[in-house]
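Order of the sequence lines sets the chain letters (A, B, ...), proteins ahead of strands, with each chain counted from 1. This structure is a prediction, so every number in the text was calculated from the model and none was measured. Worth knowing before you read on, the calculation uses all heavy atoms, side chains too, and leaves out hydrogens, waters and symmetry mates.
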Amino acid sequence: MPQIKIKSINAFYEKLHVLKNIELNVSKGEIVSLIGPSGSGKSSLLKMLVGLLIPKSGKIYLNENLVNFKNQSDLRTIREQIAIVFQQYNLFQNMNVLKNVCIAPTKIQKRDPKEVNEQALNLLEKVGLKDKLKSYPDELSGGQQQRVAIARALCLNPQILLLDEITSALDPELVKEVLDSIRLLASEGMTMLIVSHEMNFVKEVSSRVVFMDEGSIIEINNPRNIFEKPKEKRTLDFVSKILKEK
Amino acid sequence: MGYTLVYTQVLEFLPYLIKGAWISLQIAILAFFGGMFFGLILATVRTFGNNISNKIVICYVTFFTNTPQLVQIYFLFFALPEFGILLSPYIAVLLGMTLNAAAYLCEIQRAGFLSIRQNELDAAKTLNFSLFQQVKYVILPHIMRVLFPPLSNHYIIMTLGTSMAAIFGVEELTGRAFNINSETFRSVEIFSITALIYIVITFIATFLLAIIGRYFFKAKIRIIQ
């Protein structure tokens, strides 16, 4: 039974057709990576799953329930189950690290502040930021901010985690520390959709890899096949170009 | 120079001057908050309004920021009676300063609107914040943080600008200093004490605003410029 079922989805940014007839199923505990050139619709697909982009046609099922994106209660439900970590971290600049992590669980999910605080401390310790609880985002490096964003997403206890190019704004030496945090989550069996340009990482952690181009899914395959013997020529062109650049 | 400073003669007027300072503060505070409110409406129209309403606001701001405030108050005080609207000096000054402040505060608040970071709003939405919670936890703290320094500077400028009211016969601090001067002719002593009172009230205001800005809005404000 797929945890996320995407059927014939089309979405637009004004007149730009950014997602074209997307079909994708993601099972519980699966790690699906989305790869493809810039502007291929990878981030738009993630944004659509958290209701930041409303599809014009098609259907999405979450745990077999049809999602109506125009219904606020449905939007709330999907956002309770799916958390996203953005490329630019999107932390609240007026809140310190601990508040960034705790605000949604306490104020939105109305959970016990003591229990949330304990969980936040555990998560921040896990991502190596226990000594930065009182720091503000502008006092942290990009890698540290990204790890706060990961802790913030995880503190919501989501069923599914979306990661949108979380290493692309980081210096190479900071990439490792963020990817280590994701590896840890992957080993714990969380369902994840990952947009990444880190091909070695994609190869290592993914259950399946989706190659997208110009808003369409071109190929879905296991990591080994997609990098070594892709079915589609466009996939081959992209993969060989990327691997050559590396 | 044979002038001898005699402060004793003037010091007896100190309570009278302090009462004047209180009137100055009243005008500054009322005009500032009136200007903030009206400026907020103008800034909202300027940011989210249509082409026509936008142009009306641009004309308003251009007029009030490109003509002297004194001329604007003169117009309200001397020209409006020609149309049957008679304003007291206090009201004319208060209204003039409010309309003028609205133009400047419109631009300051518009800059605040434009500086709201879309990515923080996206994060708030995906974390299930309601619109009210977005405003409370994300938009307002951000706007206040960005706007607090220019707003507090403008407030100080307005406090000092209240001295214009003396020209219209309002008995605020400068007006009362004029009165004492015409009675005692101790100009140096009177105006030095008046200047000192202005320094004290602006310093207290700057200090309080800096404390509020630093601790409530994390705004970087220097106490001594």
Side-chain angles (χ1 to χ4, degrees), chain A residues 43 46-54 69 72-96 99-111 134-139 145 148-149 152-158 160-162 164 169, chain B residues 36 40 43 47-51 108-153 208-223:
Chain A
S43 298
L46 297 194
K47 282 184 179 165
M48 188 203 60
L49 287 172
V50 286
L52 289 178
L53 174 66
I54 307 296
F69 282 92
Q72 283 302 317
S73 146
D74 274 21
L75 272 182
R76 266 197 302 277
T77 307
I78 58 165
R79 287 167 178 170
E80 274 163 17
Q81 296 174 23
I82 306 179
I84 184 167
V85 180
F86 295 94
Q87 184 178 4
Q88 295 298 332
Y89 339 124
N90 298 21
L91 296 178
F92 302 123
Q93 299 294 316
N94 59 307
M95 297 176 199
N96 65 29
K99 186 107 193 265
N100 257 290
V101 177
C102 293
I103 186 153
T106 52
K107 304 287 181 193
I108 315 296
Q109 295 182 333
K110 309 279 184 206
R111 280 161 51 197
K134 300 282 169 208
S135 302
Y136 282 83
D138 59 4
E139 296 163 353
Q145 289 189 60
V148 176
R152 179 173 71 177
L154 292 176
C155 204
L156 297 163
N157 295 329
I160 301 158
L161 185 64
L162 312 181
D164 187 8
Chain B
M36 273 275 280
L40 180 65
T47 314
F48 305 107
N50 62 30
N51 202 19
I108 292 175
Q109 292 180 94
R110 191 167 75 92
F113 282 169
L114 296 177
S115 73
I116 295 170
R117 285 172 282 238
Q118 185 56 43
N119 61 15
E120 285 188 41
L121 291 181
D122 282 350
K125 280 181 200 157
T126 60
L127 292 170
N128 257 337
F129 283 46
S130 65
L131 181 62
F132 174 74
Q133 286 167 324
Q134 287 175 46
V135 172
K136 183 178 170 191
Y137 295 115
V138 184
I139 298 175
L140 267 185
H142 172 73
I143 287 187
M144 287 314 293
R145 188 183 184 198
V146 172
L147 296 190
F148 206 82
L151 286 178
S152 39
N153 282 343
L208 290 176
L209 288 167
I211 301 264
I212 295 169
R214 280 185 186 185
Y215 294 100
F216 288 94
F217 305 115
K218 307 281 173 242
K220 286 170 185 146
I221 301 172
R222 281 163 50 186
I223 293 174

| field | side-chain hydrogen bond (donor to acceptor under 3.5 Å, both in side chains) involving A/Gln93 - partner list, sequence neighbours excluded | value |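 Result, side-chain hydrogen bond (donor to acceptor under 3.5 Å, both in side chains) vs A/Gln93: none returned.
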
| field | Part of A/Ile103 lying under 4.5 Å from any heavy atom of chain B | value |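 A/Ile103 touches chain B through side-chain heavy atoms alone.
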
| field | Portion of A/Glu80 that has a non-hydrogen atom of chain B nearer than 4.5 angstrom | value |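 Contact with chain B is through both the backbone and side chain of A/Glu80.
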
| said: Suppose a student defines contact as a heavy atom less than 4.5 Å from any heavy atom of chain A. Which residues in residues 132-139 of chain B would they list? | reply: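 Within residues 132-139 of chain B, the residues under 4.5 Å from chain A are B/Gln133, B/Tyr137, B/Val138.
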
| field | N-O pairing of B/Asp122 and A/Arg79 below 4.0 Å | value |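 No.
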
| task | Specify the closest pair of heavy atoms between B/Leu114 and B/Thr47, including all atoms of both residues, with the distance to one decimal. | result |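 For B/Leu114 versus B/Thr47, the nearest heavy atoms are CD2-CG2, 4.3 Å.
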
| query | If every non-hydrogen atom of B/Gln109 is compared with every non-hydrogen atom of B/Ala43, which pair is closest and at what distance? | reply |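 Closest heavy-atom pair between B/Gln109 and B/Ala43: CB-CB, 4.0 Å.
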
| field | Of A/Val148, A/Asp138, A/Val101, the residue whose pairing with A/Leu91 passes side chain to side chain contact (heavy atoms under 4.5 Å, CB included) | value |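 Single side chain to side chain contact (heavy atoms under 4.5 Å, CB included) partner of A/Leu91 among A/Val148, A/Asp138, A/Val101: A/Val148.
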
| field | Partner chain B: residue of A/Ala104, A/Pro105, A/Ala149, A/Ala153 with the largest heavy-atom pair count (under 4.5 Å) | value |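 Among the listed options, the one with the most contacts to chain B is A/Ala104.
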
| Hey, are the side chains of A/Ile84 and A/Leu46 touching, using non-hydrogen atoms and a 4.5 Å cut-off? |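 Yes - at least one pair of side-chain heavy atoms lies under 4.5 Å apart.
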
| task | Without swapping roles, check the side chain of A/Asn100 against the backbone of A/Phe92 for a donor-acceptor pair under 3.5 Å. | result |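 Checking the backbone N and O of A/Phe92 against the side chain of A/Asn100, a donor-acceptor pair under 3.5 Å is found.
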
